[in-house]
Amino acid sequence: MTLRVRFAPSPTGYLHVGGARTALFNWLLARKEGGVFILRIEDTDRERSSEAHTQAILHGLDWLGITWDEGPYFQSEGLERHRADAFTLLERGWAYRDFSTPEQAAQDREEQVRVGSRLRRARERAEAMSADEVEARLARGEPFAVRLRVPEGETVWEDRVHGEMRFRNEEIDDLVILRSDGTPTYNLAVVSDDVAHGVTLVMRGDDHISNTPKQILIYRGLGKPVPEFAHVPMILGPDGKRLSKRHGATAVGDYEKEGILPEAMVNFLALLGWSPGDDREVFTRQELIEAFSLERVLKKSAVFDLEKLRWLNGQHLMRMATADLLPRVEARLREAGVLLGPGAPSPPAGDAATRVDLATLVELLKPRSRTLEDLVAQARPYFTDPVDYDRPSVEKHWLKDVSGARRRLEAAMGRLQGAPWEAAALEAELRALAEELGSGAGKLFQTLRVALTGRDASPGLFDVLVLLGRERSLRRLEAALAYLRAEAAGPESRKASLTPPDEAD
RNA sequence: GCCCCCAUCGUCUAUCGGUUAGGACACCACUCUUUCAAGGUGGAGAGGGGAGUUCGAUUCUCCCUGGGGGCACCA
């Protein structure tokens with residue numbers, strides 16, 4: 001029998017990382033075993049469900065590359081079947097009609113809490129009711145809910161993650177399966193749908209463990225084969241509590257926005273609650289499919305570690321082919337207003353001679369970035385004119401020795417004017433110059449780096465020069481010089497005015 | 001309150017009775033180096049507690065503790 005698994009989110013929010021991880025495990029197993037991965041949207045809660053959320057979930061899965069083979073089915077489309085299943089249960093004696101008023105139901109609940117053990121008051125009332133009275137109430141059109149008649153005994157299953165699970169039926173309530181308005185409740189709808197979709201393995205978060213015996217009972221009542229179950233651990237926040245909004249970003253879309261690669265997200269999520277058994281950490285989707293197995297899924301819940309996700313993203317980023325990265329970076333640069341429309345000059349008002357080669361830039365930046373946003377931020381100075389100077393960098397490398405910085409800049413300009421614009425040659429020129437100035441290569445390079453990029457951290461200086469091109473590089477050095485001239489005049493005069501006259505001796 | 005699940009470095013994890021308890025993130029040194037990354041080397045860092053079983057327990061059993069989840073005519 002071929003494996004049939006499903007992911008069944010309810011569209012009451014965006015795709016949550018916990019949900020995404022559950023979806024991923026199902027998908028990985030289906031792909032590994034040649035099974036079928038079904039997507040079902042559980043939209044029976046009309047109040048909280050929305051089309052926008054459904055779209056967000058579909059988009060999230062799509063972004064992650066989790067493709068489904070069947071669906072999306074919508075739970076709301078199965079209403080009639082759910083209802084029919086409830087009546088089948090009724091006919092078979094596995095369920096009963098509950099004519100209790102809301103007041104009675106509330107009282108029952110209150111009593112149950114007080115007594116501290118399972119009571120079956122609704123069932124007692126139903127059984128005390130004569131067939132004639134039931135007929136009469138039905139004839140009068142009185143509303144009733146349908147409750148499952150939980151039998152005596154124990155409900156046991158062999159969980160693919162937890163092993164044997166055993167619940168005493170006396171611990172299970174006679175749950176409502178069909179509300180008095182005729183709509184099904186979750187446990188009935190799930191079972192009905194999983195039967196209809198031929199699901200053979202239900203893999204979901206372990207917060208569903210206590211629903212499982214109820215659902216198994218429904219399968220039995222319906223006379224349908226009970227699927228296998230695998231309850232995977234949940235994902236927790238850094239405080240050990242269930243991951244939620246207050247922990248920050250919990251929607252998959254938040255990470256997409258931040259510039260996490262879907263490849264890295266999938267990799268990271270797979271490693272939460274599962275491990276390959278060896279020391280590998282960085283996986284492609286295909287490698288995950290090959291390595292995945294239910295046997296190696298952990299029972300312990302895992303804490304979501306943003307730092308590790310970022311690290312993993314950096315790993316994926318630097319391994320990714322620049323050609324694959326390029327469109328993503330370009331889109332973000334455009335969004336940031338740094339690149340204009342397709343085919344438009346970059347930078348604004350640039351010409352062929354001063355255009356920065358994005359592919360080369362991405363190549364240089366990808367091993368130094370953790371996220372796409374980060375990469376884009378680092379790319380920015382290469383496109384903006386004039387450059388924004390990073391204040392601490394300016395202070396450290398220019399202002400501590402203004403005249404020295406000016407001397408180095410001027411000398412460099414002279415040297416570079418006629419130099420062949422090629423990395424090795426530029427390096428030879430500038431190293432020779434540093435030698436002449438006798439101030440150390442590092443000092444010269446940092447002074448230039450700030451002039452060229454506005455900051456003191458960047459790819460190798462000669463790569464930067466080549467990337468910017470002669471014209472643009474010289475223009476930036478010139479601008480730096482102008483800045484320093486102004487700076488030299490400004491602070492000096494300010495300093496002078498601050499000196500009290502009478503302190504001078 | 002009742003039921004259920006879980007328990008190795010701060011975090012993700014390896015170990016399927018015998019290991020100096022291994023790796024990764026983060027952290028700290030050092031190294032490479034024109035800076036920042038990346039890389040390399042090293043460091044610090046863990047079996048919650050108590051009983052058993054066993055020649056031997058992180059590993060098996062039980063209890064306690066701690067954490068989590070569930071107890072709706074929500075999903």
Side-chain angles (χ1 to χ4, degrees), chain A residues 8-12 42-45 47-49 75 98 100 102 105-106 109 112-118 143-147 159 161-162 165-168 170-173 175-187 189-190 205-213 231 233-234 236 238 240-242 268 271-282 298-312 314-315 318 364-370 378 393 397 427 430-431 434 440-450 453 455-462 464:
Chain A
S10 52
T12 54
E42 306 212 321
D43 60 343
T44 43
D45 183 350
E47 300 294 303
R48 295 191 296 148
S49 298
Q75 190 154 67
D98 177 12
S100 307
R109 211 173 310 124
Q112 177 141 314
V113 169
R114 185 159 32 93
V115 175
S117 71
R118 306 278 154 174
F144 61 89
V146 178
R147 282 183 185 271
D159 195 278
V161 172
H162 290 269
M165 301 289 285
R166 190 177 284 272
F167 280 78
R168 292 188 304 282
E170 63 199 42
E171 299 294 342
I172 304 169
D173 273 316
L175 62 146
V176 167
I177 54 176
L178 198 68
R179 300 188 189 93
S180 46
D181 65 0
T183 60
T185 62
Y186 169 72
N187 283 297
V190 168
D206 65 15
D207 50 334
H208 280 287
I209 284 179
S210 48
N211 278 324
T212 306
H231 288 94
M234 303 214 300
L236 274 26
K241 304 241 184 283
R242 190 189 190 128
F268 176 70
L271 257 18
L272 240 38
W274 171 83
S275 93
D278 52 40
D279 288 341
R280 287 179 294 167
E281 299 271 356
V282 183
L298 279 288
K299 297 185 206 174
K300 194 177 74 156
S301 45
V303 173
F304 190 92
D305 181 4
L306 198 58
E307 279 308 314
K308 187 147 184 173
L309 169 59
R310 294 224 170 95
W311 168 77
L312 205 46
Q315 293 293 315
M318 70 184 169
L364 292 173
L365 254 23
K366 68 182 187 180
R368 345 177 105 78
S369 310
R370 294 223 133 178
Q378 291 192 63
S393 300
H397 301 286
E427 175 159 13
L430 290 176
R431 284 199 187 279
K443 202 160 195 174
L444 171 65
F445 295 174
Q446 285 303 80
T447 305
L448 296 178
R449 190 188 309 280
V450 175
T453 69
R455 50 182 82 180
D456 63 359
S458 81
L461 189 66
F462 316 110
V464 169

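Order of the sequence lines sets the chain letters (A, B, ...), proteins ahead of strands, with each chain counted from 1.
- In this structure, A/Ser458 reaches the bases: a heavy-atom distance under 4.0 Å links it to at least one base atom across the strands shown.
- Contacts of A/Asp207 with the nucleic acid, taken as non-hydrogen atoms under 4.0 Å apart, involve only primed sugar atoms and P, OP1 or OP2.
- Heavy atoms of A/Asp173 sit under 4.0 angstrom from primed sugar atoms or phosphate atoms, though from no base atom.
- Across the strands present, B/rC25 finds its partner in B/rG10; the criterion is a Watson-Crick or G-U wobble pair with both atom distances under 3.5 angstrom.
- Rounding to whole angstrom units, CD of residue A/Gln378 and C1' of B/rC36 are separated by 8 Å.
- If you check every strand for non-hydrogen atoms under 4.0 Å, A/Arg147 touches sugar and phosphate atoms only.
- Residue A/Met165 is the one, among A/Met165 and A/Gln112, whose nearest nucleotide of RNA chain B lies closer to the 5' end (criterion: closest heavy atom).
- Using a 4.0 Å heavy-atom cutoff across all strands shown, A/Thr44 reaches sugar-phosphate atoms only and no base atom.
- When all heavy atoms are compared, the tightest approach of A/Leu365 to A/Pro459 is CD1-CG, 3.6 Å.
- The residue A/Phe167 sits close only to the backbone: its heavy atoms come under 4.0 Å of sugar-phosphate atoms, none of a base.
- Regarding contacts with the backbone of B/rA37, every side-chain N or O of A/Arg455 stays at 4.0 angstrom or more from both OP1 and OP2.
- Judged by distance alone, with hydrogens and angles left aside, A/Ser180 brings a side-chain donor or acceptor within reach of the base of B/rC73, the pair sitting under 3.5 Å.
- The pair A/Asp173-A/Arg118 meets the salt-bridge criterion, since a charged nitrogen lies less than 4.0 angstrom from a carboxylate oxygen.
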- Encode nucleotides 22-27 of chain B as B, S and - characters from 5' to 3', where the letter depends on protein heavy atoms closer than 4.0 Å: B to the base, S only to sugar-phosphate, - to neither. -BBBS-

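- Among the atoms of the strands shown, base atoms are found under 4.0 Å from some heavy atom of A/His208.
- No side-chain donor from either of A/Thr185 and A/Asn187 sits under 3.5 Å from a side-chain acceptor of the other.
- In this structure, A/Pro233 reaches neither bases nor backbone, as no heavy-atom distance under 4.0 Å exists between it and the strands shown.
- The distance between atom NE2 of A/His162 and atom P of B/rG70, rounded to the nearest whole Å, is 14 Å.
- Following rounding to the nearest Å, A/Lys300 (NZ) and B/rG47 (C1') show an atom-to-atom distance of 11 Å.
- Counting any heavy atom pair closer than 4.0 Å across all strands shown, A/Gly460 reaches a base atom.
- Backbone-only contact: A/Arg242 has heavy atoms under 4.0 Å from sugar-phosphate atoms and none from a base.
- Between A/Leu175 atom CG and B/rG70 atom P there is a gap of 17 Å when expressed in whole angstrom units.
- Under 3.5 Å, the side chains of A/Gln112 and A/Arg109 contain no donor-acceptor pair of N or O atoms.
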